[in-house]
Amino acid sequence: MGGVNFRSLTFMILIAFFVWCSSIETCIARRGKHWRQSRYGAALYKKKGGSHGHRNYHNGGSKPKPPPPQSHKATPSPKPKEEVPPSTPSPHGRYGYDQQSTVFNVLDFGAKGDGKSDDTKAFQDTWAAACKVEASTVVVPAEFVFLVGPISFSGPYCQANIVFQLDGTIIAPTDARPWGKGLLQWLEFTKLKGIAIQGKGIIDGRGSGWWQDAPYEDPYDDERKLIIPLNSTVQERPPMPVRNELSGKMPSIKPTALRFYGSFNVTVTGITIQNSPQCHLKFDNCMGVVVHDITVSSPGDSPNTDGIHLQNSNDVLIHSSDLACGDDCVSIQTGCSNVYIHNVNCGPGHGISIGSLGRDNSKACVSNITVRDIVMHNTMNGVRIKTWQVQKSYLLPLTSDKKEEEKGGSGSVQGVLFSNIQVSEVQLPIVIDQFYCDKRKCSNETAAVALSGITYEKIRGTYTVKPVHFACSDSLPCIGVTLSAIELKPVQEHYYLYDPFCWQTFGELTTPTVPPISCLQIGKPTNNRVQSDHDVC
């Protein structure tokens with residue numbers, strides 16, 4: 001019994017011992033855990049400023065709880081920059097419009113815009129600033145009238161793609177002093193790349209003083225000789241007023257209102273050009289010209305006020321415009337090629353003309369011209385080609401006898417299409433005149449500019465004098481003249497009516513015409529003179 005009790009007591013003592021040991025390990029374990037936390041926390045606290053919160057968990061260690069947010073009050077490190085693709089710059093943002101196309105307003109350079117003060121210098125200063133900045137914009141604001149004298153907006157050292165934003169009105173001086181002895185242009189843009197004039201503004205040449213003071217020797221449209229009033233008297237130019245010292249006469253040289261010279265990629269759109277002393281809009285020696293949605297306006301009796309004048313210019317597009325003037329709505333001179341004109345309203349005026357060519361025995365080259373979808377009302381001509389007569393000169397050799405030599409212009413006009421032309425009360429809808437002369441007295445000699453490949457199609461409407469007038473050179477007849485779908489009906493108004501006329505004109509009729517144009521000679525001439533190398537363009 002005692003042995004049993006002894007064994008029971010020993011067993012109970014062992015159990016108590018194991019329980020006591022278990023309690024001690026638990027405490028030690030808990031104490032070690034708290035120690036590790038305290039040690040990590042102290043180390044983290046010491047490293048706060050340098051590690052920026054980076055945690056390095058060692059093997060065998062327990063993952064500590066993240067410290068509360070309020071314990072991280074140090075300035076956070078900046079985030080790495082993200083690779084953001086470049087966006088389209090805002091047209092009005094600081095790094096968009098202002099950097100790429102700085103705006104220069106003429107008012108900021110001293111322009112008054114009251115229609116009385118001379119704003120020429122302000123325009124010059126504005127251009128000088130804009131010229132230095134690529135894709136800059138010169139602003140001529142609306143609701144102002146700027147009096148500007150003769151001025152040249154010049155390159156070639158200007159930056160490209162300058163925009164001349166014309167929303168106000170620019171007027172020319174009517175005083176003779178700013179013009180000196182005479183200038184060929186009023187507003188001129190020279191040797192520029194990517195120049196554009198746009199807006200809803202007006203360029204007003206105020207040319208009535210020039211027209212009234214025009215000298216009697218000014219060029220005179222030779223087609224007037226074909227227009228005979230019903231009272232059998234030849235229509236003469238109205239008498240001009242007599243000049244005197246009190247009239248404040250203008251120079252005999254009349255300026256073009258707006259001229260572009262030696263420029264590339266020229267655009268003119270939206271504006272109105274009116275009452276120019278002479279030609280309204282001229283392009284000389286330019287390449288890549290676009291004109292659209294413009295208005296040209298001057299009286300039908302204003303002398304030599306062509307609407308658009310092209311010379312030595314290539315790759316030209318003119319469309320969607322209204323042209324009313326006292327001379328050709330569009331005049332295409334020597335050196336022009338790849339010209340496309342469409343959707344233009346013409347009248348009053350003298351129609352759309354190629355020429356005059358070969359003046360002063362010069363060489364004229366014109367090719368690849370298309371004129372289509374045109375409306376003409378109350379014009380002298382419809383579509384016309386005109387070349388100068390051969391002029392005679394007298395050579396004086398060693399002998400005393402005079403020797404007469406014919407010296408005509410040279411070159412050619414080829415590849416011309418006139419299509420879908422609607423004429424209304426036009427005096428002479430279709431004209432080729434190789435006996436052209438714009439002076440009062442010219443000898444009737446033949447011209448030497450060769451014409452070939454001229455097509456007329458869908459020319460319809462009414463005429464008041466003569467439907468067709470083909471007067472070609474004896475030495476170089478017109479060849480390859482094609483007519484198709486011609487329907488022209490007479491309207492008896494103030495002039496004698498004439499039948500179609502042809503002289504030395506060869507080609508074909510692809511459809512019946514109204515009226516019949518039986519004077520056209522089918523085929524080619526048998527004795528057509530071959531052009532020399534000097535004549536070929």
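Everything quoted here is computed from the prediction, not taken from an experiment.
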**Q** Check the orientation of H319 and H342. Use parallel for under 30°, tilted for 30 to 60°, and perpendicular for over 60°.
**A**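 If you compare the ring of H319 with that of H342, the planes turn out parallel.
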**Q** Please determine whether side-chain hydrogen bond (donor to acceptor under 3.5 Å, both in side chains) holds for the pair D373 and N420, giving the CA-CA distance in whole Å, both sets of side-chain angles, and the decisive distance to 0.1 Å.
**A** CA-CA 5 Å; D373 306 325; N420 194 29; 2.7 Å; yes
**Q** Tell me which one of V465, D433, V383 satisfies side chain to side chain contact (heavy atoms under 4.5 Å, CB included) with L428.
**A**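 Exactly one candidate clears the test, V465.
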**Q** Is there a donor-acceptor contact under 3.5 Å from the side chain of T305 to the main chain of S302?
**A**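 Yes, T305 side chain to S302 backbone: donor-acceptor pair under 3.5 Å.
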**Q** Please report the C-alpha distance between V449 and W388 in whole Å, then the side-chain angles of each, then the deciding distance to 0.1 Å, and finally whether the side chain to side chain contact (heavy atoms under 4.5 Å, CB included) criterion is met.
**A** CA-CA 8 Å; V449 177; W388 275 75; over 6 Å; no
**Q** Regarding E457 and T455, do their side chains bring together a donor and an acceptor under 3.5 Å, going by distance alone?
**A**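 On atom types as modelled, these side chains do not qualify, holding no pair under 3.5 Å.
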**Q** Tell me if a side-chain donor or acceptor on T462 pairs with a main-chain N or O of P490 at a distance below 3.5 Å.
**A**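 Judged by distance alone, no pair lies under 3.5 Å.
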**Q** With heavy-atom distances below 4.5 Å as the criterion, would you say the side chains of I486 and Y456 are in contact?
**A**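 With C-beta onward as the side chain, the pair touches.
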**Q** In Å, rounded to the nearest 0.5 Å, how long is the span from OG of S263 to CD of E188?
**A**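 Spacing of OG (S263) from CD (E188) equals 9.0 Å.
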**Q** Between CD of Q159 and NZ of K193, what distance do you get to the nearest 0.5 Å?
**A**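 NZ of K193 is found 10.5 Å from CD of Q159.
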**Q** Run the salt bridge (charged side-chain N to carboxylate O under 4.0 Å, His left out) test against E487 and tell me which residues pass, sequence neighbours left out.
**A**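 By the salt bridge (charged side-chain N to carboxylate O under 4.0 Å, His left out) rule, E487 matches R460.
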**Q** Could you go through I432 and C472, starting from their C-alpha distance and side-chain angles, then the distance that decides it, and tell me whether this counts as side chain to side chain contact (heavy atoms under 4.5 Å, CB included)?
**A** CA-CA 7 Å; I432 294 178; C472 294; 3.9 Å; yes
**Q** Just by distance, with hydrogens left out, do T120 and D118 show a side-chain donor and acceptor under 3.5 Å apart?
**A**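 Their side chains do contain a donor-acceptor pair, which is all the 3.5 Å distance test asks for.
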**Q** Cut-off 3.5 Å, side chains only: do E425 and T464 have a donor facing an acceptor?
**A**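 No, T464 and E425 have no side-chain donor paired with an acceptor closer than 3.5 Å.
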**Q** With the threshold set at 4.0 Å, does a side-chain nitrogen-carboxylate oxygen contact exist between R259 and D284?
**A**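 Result for this pair is yes, salt bridge flagged.
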**Q** State, to 0.1 Å, how close W179 and P255 come at their nearest heavy-atom pair, and which atoms those are.
**A**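 So the two residues come closest at CZ3-CG, 3.7 Å.
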**Q** Between the side chains of D306 and K282, is the shortest nitrogen-to-carboxylate-oxygen separation below 4.0 Å, so that they form an ion pair?
**A**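 Not counted as a salt bridge, because no side-chain N and carboxylate O are separated by less than 4.0 Å.
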**Q** Run through N345, V344, I352 and flag the one making a side chain to side chain contact (heavy atoms under 4.5 Å, CB included) with M376.
**A**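 The side chain to side chain contact (heavy atoms under 4.5 Å, CB included) with M376 is passed solely by I352 among N345, V344, I352.
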**Q** Mark yes when over 12 heavy atoms from residues, nucleotides or ligands other than Y261 sit less than 6.0 Å from its OH; otherwise mark no.
**A**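 Count not over threshold, so no.
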**Q** Locate the shortest heavy-atom distance separating L147 from S117; write the atom from each residue and the value.
**A**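 Here L147 and S117 meet closest at CB-O, 3.4 Å.
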**Q** Could you tell me if the side chain of L483 sits less than 4.5 Å from the side chain of F470, heavy atoms only?
**A**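 A side-chain contact exists here, since the closest heavy-atom pair is under 4.5 Å.
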**Q** So N338 and D315, side-chain hydrogen bond (donor to acceptor under 3.5 Å, both in side chains) or not? Walk me through it.
**A** CA-CA 5 Å; N338 300 330; D315 303 326; 3.2 Å; yes
**Q** Within a radius of less than 6.0 Å around CD of Q492, do more than 12 heavy atoms belonging to other residues, nucleotides or ligands occur?
**A**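 Yes, enclosed.
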**Q** How many angstroms lie between atom CG of L187 and atom OG of S276, to the nearest 0.5 angstrom?
**A**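 Spacing of CG (L187) from OG (S276) equals 9.5 Å.
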**Q** How long is the gap from CG on D293 to CG on D322, to the nearest 0.5 Å?
**A**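 It is 9.0 Å, given to the nearest 0.5 Å.
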**Q** Of all the heavy-atom pairs spanning G180 and P251, show the shortest one and how long it is.
**A**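 Where G180 meets P251 most closely, the heavy atoms are O-CG, 3.5 Å.
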**Q** Measure the acute angle between the ring planes of F189 and W127, then classify it against the limits of 30° and 60° as parallel, tilted or perpendicular.
**A**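 Ring orientation, 0 to 90° scale: perpendicular.
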**Q** Please round to the nearest 0.5 Å and tell me the distance separating atom CD1 of I202 and atom OG1 of T295.
**A**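 Those atoms lie 9.5 Å apart.
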**Q** In plain terms, say whether D175 and R177 are close enough for a salt bridge, that is, a side-chain N and a carboxylate O under 4.0 Å apart.
**A**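 Here D175 pairs with R177 in a salt bridge, since their nearest N and O are under 4.0 Å apart.
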**Q** Is a donor on one side and an acceptor on the other found under 3.5 Å between the side chain of D114 and the backbone of K116?
**A**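 Side chain of D114 to backbone of K116: a pair is present.
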**Q** Side chain to side chain contact (heavy atoms under 4.5 Å, CB included) with V366: which of T387, I354, L310?
**A**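 Among T387, I354, L310, the one that satisfies the side chain to side chain contact (heavy atoms under 4.5 Å, CB included) with V366 is I354.
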**Q** Below 4.5 Å, heavy atoms only, C-beta onward: do L258 and H280 meet side chain to side chain?
**A**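 Counting from C-beta outward, L258 and H280 never come under 4.5 Å.
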**Q** In Å, rounded to the nearest 0.5 Å, how long is the span from CD1 of I385 to CD1 of I430?
**A**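 Interatomic distance, I385 CD1 to I430 CD1, rounded to 0.5 Å: 11.0 Å.
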**Q** Check the angle between the aromatic planes of F123 and F164 and answer parallel, tilted or perpendicular using the 30° and 60° thresholds.
**A**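 Because their plane-to-plane angle lies in the 30° to 60° range, the rings of F123 and F164 count as tilted.
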**Q** For residues I308 and I294, determine if any side-chain heavy atom of one lies less than 4.5 Å from a side-chain heavy atom of the other.
**A**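 Sidechains of I294 and I308: in contact.
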